[in-house]
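In what follows, residues are counted from 1 in the order of the sequence shown. The figures that follow rest on heavy atoms only: side chains count, while hydrogens, waters and symmetry mates do not. Just so it is clear, the structure is predicted and the values come from calculations on it, not from any experiment.
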Amino acid sequence: DQRGAEWAEDLWNWAEAQGHHRAGFAYSKYAEVCECYQAHVRVDELLEDFNSVEWDVDKGPLLGGLVNHAGRHGNWRRADMLWDRLVNQLGVEPDKVAYCALAKAHMLSGRPHVSACTIEDMLGKGLKINSKIS
């Protein structure tokens with residue numbers, strides 16, 4: 001059912017027409033809705049504007065949210081692409097949730113070895129695992 005994606009697009013366009021600025025929170029939520037509905041081209045377009053967003057929130061949840069949606073769709077390649085774009089190209093600092101979303105994406109795609117390496121990378125960055133994350 002695409003009604004949620006259509007509603008989000010309409011709301012996004014209305015806000016722009018009204019002259020509302022695109023703050024980080026709204027940008028993040030809109031990008032996550034688009035990724036949830038697998039509107040990859042739209043998400044990629046949004047990422048092109050990443051540096052022009054007025055970031056009023058931490059960027060880590062955007063990374064975790066986008067990667068989680070890709071993983072829920074069994075698309076580990078998309079999850080890796082989003083990770084590379086946001087972390088390596090745009091400088092977003094991953095948090096525990098983002099690392100776990102990437103690990104989950106690989107686990108759900110039948111790649112437990114990559115999932116384990118992702119958790120090792122997280123631990124190597126000094127981020128601790130806890131019972132809620134594991």
Item to complete: Can you measure from NE2 (His40) to CG (Leu66) and round to the nearest 0.5 angstrom?
Response: 10.0 Å
Practice prompt. Return the minimal non-hydrogen interatomic distance between Val67 and Ala101, and the atom names on each side.
Written response: CG1-C, 3.7 Å
Discussion item. Please check this pair: side chain of Asp95 against backbone of Ala98, looking for a donor-acceptor N/O pair closer than 3.5 Å.
Written reply: yes
Item to complete: Spell out, yes or no, whether Val53 and Val87 are grouped together once hydrophobic residues are joined by side-chain heavy atoms under 4.5 Å, including indirect joins.
Response: yes
Item to complete: Determine whether Tyr37 and Leu11 fall in the same hydrophobic cluster, where Ile, Leu, Val, Met, Phe, Trp and Tyr are linked whenever their side-chain heavy atoms lie under 4.5 Å apart.
Response: no
Worksheet item: Is a salt bridge present between Glu45 and Arg42, judged by a nitrogen-to-oxygen distance below 4.0 Å?
Response: yes
Response to the item:
Interatomic distance, CG@Leu86 vs CE@Met81, rounded to 0.5 Å, equals 8.5 Å
Under 3.5 Å, side-chain donor or acceptor atoms of residues 114-125 against the rest of the protein: list the pairs with distances, not counting sequence neighbours.
{"unit_1": "Ser115", "atom_1": "OG", "unit_2": "Ala103", "atom_2": "O", "d": "2.9"}
{"unit_1": "Thr118", "atom_1": "OG1", "unit_2": "Val114", "atom_2": "O", "d": "2.9"}

Worksheet item: Do you reckon Val92 sits in the same ILVMFWY cluster as Tyr99, going by side-chain contacts under 4.5 Å, direct or chained?
Response: yes
Worksheet item: Which atom names give the shortest non-hydrogen contact between Leu82 and Ala70, and what distance separates them?
Response: CD1-CB, 4.2 Å
Discussion item. Hydrophobic clusters here meaning ILVMFWY residues chained together by side-chain heavy-atom distances under 4.5 Å, can you tell me if Val43 and Leu90 are in one?
Written reply: yes
Discussion item. I'd like to check the ring pair (Phe, Tyr, Trp, His ring centres under 6.0 Å) partners of Tyr30; sequence neighbours left out, ordered by chain and number.
Written reply: Trp12
Worksheet item: Out of curiosity, does Leu108 fall in the hydrophobic cluster containing Val97 (side-chain heavy atoms, cut-off under 4.5 Å, transitive links)?
Response: no
Practice prompt. Of all the heavy-atom pairs spanning Ser109 and Gly74, show the shortest one and how long it is.
Written response: OG-O, 3.4 Å
Worksheet item: What class does the angle between the rings of Tyr27 and Trp55 fall in, given that below 30° is parallel, 30 to 60° is tilted and above 60° is perpendicular?
Response: perpendicular
Response to the item:
One should read off an interatomic distance between Arg72 CZ and Cys36 SG, to the nearest 0.5 angstrom, of 6.0 Å
Worksheet entry | Shortest non-hydrogen contact between Val33 and Gly4, atoms and distance | CG1-O, 4.3 Å
Worksheet, complete the sentence: Closest heavy-atom pair, Asn68 versus Lys104, reported as atoms and distance to 0.1 Å, is OD1-NZ, 2.9 Å
Worksheet item: Which residue pairs pass the salt bridge (charged side-chain N to carboxylate O under 4.0 Å, His left out) test with at least one member in residues 73-90, sequence neighbours excluded?
Response: Glu35-Arg78, Asp44-Arg78, Glu48-Arg85
Item to complete: Could you grab the distance from atom NZ of Lys128 to atom NZ of Lys96, nearest 0.5 Å is fine?
Response: 9.0 Å
Worksheet item: In Å, rounded to the nearest 0.5 Å, how long is the span from CG of Leu47 to CG of Leu62?
Response: 7.0 Å
Worksheet item: What distance do Trp7 atom CH2 and Gln2 atom CD have between them, rounded to the nearest 0.5 Å?
Response: 14.5 Å
Worksheet item: Taking all atoms of both residues into account, what is the closest heavy-atom pair of Trp83 and Pro94, and its distance?
Response: CH2-CB, 3.4 Å
